[in-house]
Amino acid sequence: MPVRWVLHWQPNQGTVANSQILNEVTQCVDSMNAVKGSRWKATLTFYRPNLRDQNIATDFPRDFLGISLMDQPNKYFFIIRGSKVILEADSSILTIMEKLQSYKPKVALHFDGIQYKLGDFQVRLIKVAPNQAESIRGILMEVEYLPTSSVEKSRKIMEEFLDMWREIVSKRSLPGQFMFADPSYADYGLSDTYSAQHAAIQYAAALAQLIQSVQSMRG
């Protein structure tokens with residue numbers, strides 16, 4: 001699986017992500033003569049235990065993330081961030097969870113965007129919105145380097161691509177910039193060979209940074 005980097009839009013102080021910024025960023029991609037492709041979708045859900053008595057001490061996780069990716073339709077990924085654990089399951093696990101009612105989804109965020117092909121790269125511009133809502137809560141950009149699956153071997157060329165990208169975006173004087181939260185895959189026991197589990201961890205890391213940036217803006 002090709003290496004991906006997922007970046008989050010970091011707004012300047014006093015500003016928020018909106019559709020106008022997403023449109024201008026899209027124009028930046030168009031200016032690079034990128035070939036527009038199909039839509040891209042993913043969903044991230046926050047789960048909490050369904051406890052009748054909140055005071056009961058438990059040994060199981062108090063919260064975790066569930067992630068579905070469009071290019072992995074038969075899989076579902078669970079991330080327990082505090083313990084640095086990622087689990088890969090068959091997508092049928094969602095039906096089992098619904099029947100057991102051990103955990104309940106608290107918040108679901110939907111990632112919806114367009115894919116663009118640009119030489120050896122594939123770029124996805126992604127709108128982050130709550131369940132059944134159109135309002136933008138954030139913007140993500142995913143950059144995929146197609147020739148290699150090695151996290152380390154791709155690092156330098158990914159950094160060069162982002163330098164070029166930031167130079168293009170800077171000409172529009174947008175109120176913010178895309179930032180990369182580099183997760184430590186080794187903490188989750190993953191190797192240098194990129195996989196769908198790496199991608200799930202990246203989405204979780206980028207979303208955590210996005211939420212943190214929104215909260216800091218409000219603070």
Side-chain angles (χ1 to χ4, degrees), residues 1-6 8 38-115 122 124 126-140 142 144 149 151 181-212 214-215:
M1 184 174 180
V3 174
R4 300 175 181 176
W5 280 17
V6 181
H8 68 281
S38 59
R39 297 199 73 81
W40 168 257
K41 292 180 180 292
T43 303
L44 187 147
T45 305
F46 294 84
Y47 289 94
R48 289 282 176 84
N50 197 7
L51 299 177
R52 293 183 179 179
D53 186 348
Q54 297 293 330
N55 296 319
I56 296 176
T58 58
D59 294 328
F60 51 81
R62 294 198 63 81
D63 64 78
F64 61 83
L65 301 175
I67 300 178
S68 66
L69 301 171
M70 194 176 75
D71 57 345
Q72 304 289 328
N74 298 320
K75 296 179 180 178
Y76 198 74
F77 304 91
F78 296 101
I79 297 176
I80 306 172
R81 291 172 296 177
S83 305
K84 301 295 184 185
V85 172
I86 179 164
L87 302 172
E88 181 179 315
D90 188 273
S91 57
S92 61
I93 191 68
L94 292 173
T95 304
I96 297 171
M97 289 179 65
E98 189 174 340
K99 290 181 178 179
L100 290 176
Q101 291 287 303
S102 299
Y103 282 84
K104 56 185 177 182
K106 295 292 289 184
V107 180
L109 292 174
H110 292 265
F111 308 112
D112 186 6
I114 301 290
Q115 305 183 101
Q122 188 157 255
R124 299 180 177 107
I126 301 163
K127 176 183 76 172
V128 182
N131 192 17
Q132 298 179 339
E134 291 298 323
S135 58
I136 292 180
R137 292 294 176 87
I139 300 170
L140 299 179
E142 182 183 298
E144 188 173 33
S149 296
V151 173
D182 193 357
S184 179
Y185 299 121
D187 290 347
Y188 288 87
L190 299 183
S191 69
D192 178 67
T193 304
Y194 199 85
S195 67
Q197 293 187 17
H198 289 71
I201 289 170
Q202 282 226 306
Y203 268 98
L207 187 68
Q209 292 296 318
L210 189 151
I211 292 172
Q212 185 177 339
V214 171
Q215 289 175 341

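These numbers were taken from a predicted model, which means no experiment stands behind them. Heavy-atom basis, side chains included; hydrogens, waters and symmetry copies ignored.
In this structure, CD on Q197 lies 9.0 Å from CD1 on I79, to the nearest 0.5 angstrom. Here CG of L65 is found 7.5 Å from CG of L207. Values are rounded to the nearest 0.5 Å. Residue K84 holds its NZ atom at 11.5 Å from CG of L190, rounded to the nearest 0.5 Å. Residue T45 holds its OG1 atom at 9.0 Å from CE of M97, rounded to the nearest 0.5 Å. The CD atom of Q115 sits 8.5 Å away from the CD1 atom of I126 when rounded to the nearest 0.5 Å. To the nearest 0.5 Å, atoms CG (D71) and CZ (R4) are separated by 4.0 Å.
Taking every heavy atom of both residues into account, S195 and M1 meet most closely at C-SD, 3.4 Å. The two residues I67 and A200 come nearest to each other via the heavy atoms CD1-O, 3.1 Å. Looking at every heavy atom in both residues, L210 comes nearest to G138 through CD1-CA, 3.7 Å. When all heavy atoms are compared, the tightest approach of A129 to S135 is CB-O, 3.5 Å. Looking at every heavy atom in both residues, Y188 comes nearest to I86 through CD2-N, 4.0 Å. Heavy-atom minimum distance, F77 versus Q72: CE1-CB, 4.3 Å.
Ring geometry for H198 versus Y185: interplanar angle of 30 to 60°, hence tilted.
T43 places no side-chain N or O within 3.5 Å of a backbone atom of H110 that could act as its donor or acceptor partner. Q202 places a side-chain N or O within donor-acceptor distance of the main-chain N or O of V6, the cut-off being under 3.5 Å.
Every ring-ring contact (aromatic ring centres under 6.0 Å, His included) that Y76 has, sequence neighbours left out, goes to F78. Checked against side-chain hydrogen bond (donor to acceptor under 3.5 Å, both in side chains), D112 has the following partners two or more places apart in sequence or in another chain: R39, K41.
Under the 4.5 Å side-chain criterion, counting only non-hydrogen atoms from C-beta, F64 is not in contact with L87.
Applying the 6.0 Å contact sphere to CD of E88 captures more than 12 heavy atoms from other residues, nucleotides or ligands.
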